[in-house]
Amino acid sequence: MAQLDSTGIPAFGLKLFLDGAKLSDMRLAREAGHVSGFTTNPTLMRKDGVTNYEAFAREVIEAIPDMPLSFEVFSDEMGEMEREARTISSWGGEVYVKIPVTNTLGESTVPLIEKLSADGIRINVTALMTLDQVRTSTLALHPDTPGIISVFAGRIADTGIDPVPVMAKARGIVTERPGVELLWASPREILNVYQAEQVGCHIITCTADVIAKLKLAGKNLDAFSLETVEMFRRDALAAGYKI
């Protein structure tokens with residue numbers, strides 16, 4: 001069991017990155033000291049009402065200039081994807097450019113990843129789900145440039161496959177490149193944080209809601225059971241139910 005810090009959040013042996021697109025949540029997480037970095041993507045940004053991609057990204061970088069921040073390209077054409085990546089990288093801060101492992105046509109982005117990484121651009125390779133993808137993407141990252149391999153373990157689990165053995169093997173692959181970190185993406189529950197730590201992942205992304213639930217670590221299950229019963233009773237009374 002991880003030791004709890006003064007706020008009741010466990011101190012894990014891996015880095016927690018907040019995943020989202022609300023600057024207020026980012027600021028709060030940074031001030032609380034719970035996280036070591038931040039990730040987002042176009043889907044999260046759209047969900048949280050971001051309408052101007054660059055303005056939002058620059059605001060985040062200005063607010064959090066000293067922690068890793070991952071912003072994703074969204075073009076489907078390799079040349080345009082490269083232009084977006086170089087533009088995002090130029091915004092400063094500790095920016096990592098998220099490059100999906102393929103475009104929507106299934107074309108590999110490995111040559112682009114290799115080119116950008118060789119030019120010193122920090123890449124977060126995203127949407128990986130197979131060990132072959134992990135292997136080719138890891139080897140594409142330049143040894144002198146920090147990089148992140150984001151494996152969507154939660155989505156692997158959604159297919160009925162246990163992601164833990166996959167992530168353990170992925171951890172072995174990323175050791176072939178110094179400076180490359182393995183990220184457990186799309187966790188579904190707090191247990192995933194413990195699993196990611198056990199297999200040696202360097203990073204796990206968590207939403208603000210998941211991070212808040214980390215305070216349940218080590219909670220007495222008898223007390224938790226009673227609180228659950230009290231919740232049911234309270235809500236039934238509040239609803240005015242009768243039988």
Self-check item: Donor-acceptor pair, side chain of Thr138 and main chain of Val174, under 3.5 angstrom
Solution: no
Quiz prompt | Carboxylate-amine/guanidinium proximity below 4.0 Å for Arg83 and Glu80 | solution = yes
Quiz item: Counting only heavy atoms not in Arg155, do more than 12 sit closer than 6.0 Å to its CZ atom?
Solution: no
Practice problem: Would you mind telling me which of Arg171, Lys15, Arg122 makes a salt bridge (Lys or Arg N to Asp or Glu O under 4.0 Å) with Glu181? | Solution: Lys15
Practice problem: Hey, could you give me the OG1/CD distance between Thr87 and Glu82, rounded to the nearest 0.5 Å? | Solution: 10.0 Å
Quiz item: Okay, side chain of Asn103, backbone of Asp76: is any donor-acceptor separation there less than 3.5 Å?
Solution: yes
Quiz item: Would you say Thr136's side chain and Asp132's backbone share a donor-acceptor pair under 3.5 angstrom?
Solution: yes
Self-check item: pair Phe152-Thr126: side-chain heavy atoms closer than 4.5 Å
Solution: yes
Quiz item: Got a sec: does the CD of Glu176 have more than 12 other heavy atoms crowding it under 6.0 Å?
Solution: yes
Quiz item: Any ion pair linking Glu54 and Arg58 (charged N to carboxylate O, less than 4.0 Å)?
Solution: yes
Exercise. Specify the closest pair of heavy atoms between Cys206 and Ile211, including all atoms of both residues, with the distance to one decimal.
Key: CB-CG1, 3.6 Å
Quiz item: Got a second to check how far Lys22's NZ is from Lys47's NZ, nearest 0.5 Å?
Solution: 8.0 Å
Exercise. Give a yes or no on whether Leu128 and Phe17 share a hydrophobic cluster (residues Ile, Leu, Val, Met, Phe, Trp, Tyr; joining criterion: side-chain heavy atoms under 4.5 Å apart).
Key: no
Quiz prompt | Side chain Ser117, main chain Ile113, donor-acceptor under 3.5 Å | solution = no
Quiz prompt | For Ala153 against Ser186, the heavy-atom pair lying closest together | solution = N-OG, 4.0 Å
Quiz item: Would you say the side-chain atoms of Asp19 and Thr207 include a donor-acceptor pair closer than 3.5 Å?
Solution: no
Quiz item: How long is the span from the CG atom in Asn124 to the NZ atom in Lys98, to the nearest 0.5 Å?
Solution: 5.5 Å
Quiz item: What's the shortest heavy-atom distance between Trp184 and Ile204, and which atoms?
Solution: O-CG1, 3.3 Å
Quiz item: Does the Thr228 side chain pair with the main chain of Phe224, one donor and one acceptor, at a distance under 3.5 Å?
Solution: yes
Self-check item: Worked check of side-chain contact (heavy atoms from CB on, under 4.5 Å) between Leu182 and Ile149
Solution: CA-CA 5 Å; Leu182 177 64; Ile149 296 292; 4.3 Å; yes
Practice problem: Could you grab the distance from atom OH of Tyr241 to atom CG of Asp235, nearest 0.5 Å is fine? | Solution: 8.5 Å
Practice problem: Determine whether Thr145 and Ile121 make a side-chain contact, defined as any pair of heavy atoms from C-beta on separated by less than 4.5 Å. | Solution: no
Practice problem: Classify the angle between the aromatic ring planes of Tyr53 and Trp91 as parallel (below 30°), tilted (30 to 60°) or perpendicular (above 60°). | Solution: tilted
Quiz item: With no hydrogens and no angle check, is any side-chain donor or acceptor of Asn192 less than 3.5 Å from a backbone partner on Glu189?
Solution: yes
Quiz item: For the side chain of Glu197 and the backbone of Leu14, is there at least one donor-acceptor N/O pair under 3.5 Å apart?
Solution: no
Quiz item: Hey, what do you get for NE2 (His142) to NZ (Lys115), rounding to the nearest 0.5 Å?
Solution: 15.0 Å
Exercise. Can you establish whether the number of heavy atoms outside Lys169 located under 6.0 Å from its atom NZ is more than 12?
Key: no
Self-check item: Closest heavy-atom pair and its distance - Pro100, Thr109
Solution: O-OG1, 2.6 Å
Practice problem: Return the minimal non-hydrogen interatomic distance between Glu77 and Ser75, and the atom names on each side. | Solution: N-OG, 3.2 Å
Quiz item: Under a single-linkage definition using a 4.5 Å side-chain heavy-atom cutoff for Ile, Leu, Val, Met, Phe, Trp and Tyr, are Leu141 and Tyr96 assigned to the same hydrophobic cluster?
Solution: no
Quiz item: Which distance, rounded to the nearest 0.5 Å, do you find between the CD of Glu84 and the OG of Ser89?
Solution: 13.5 Å
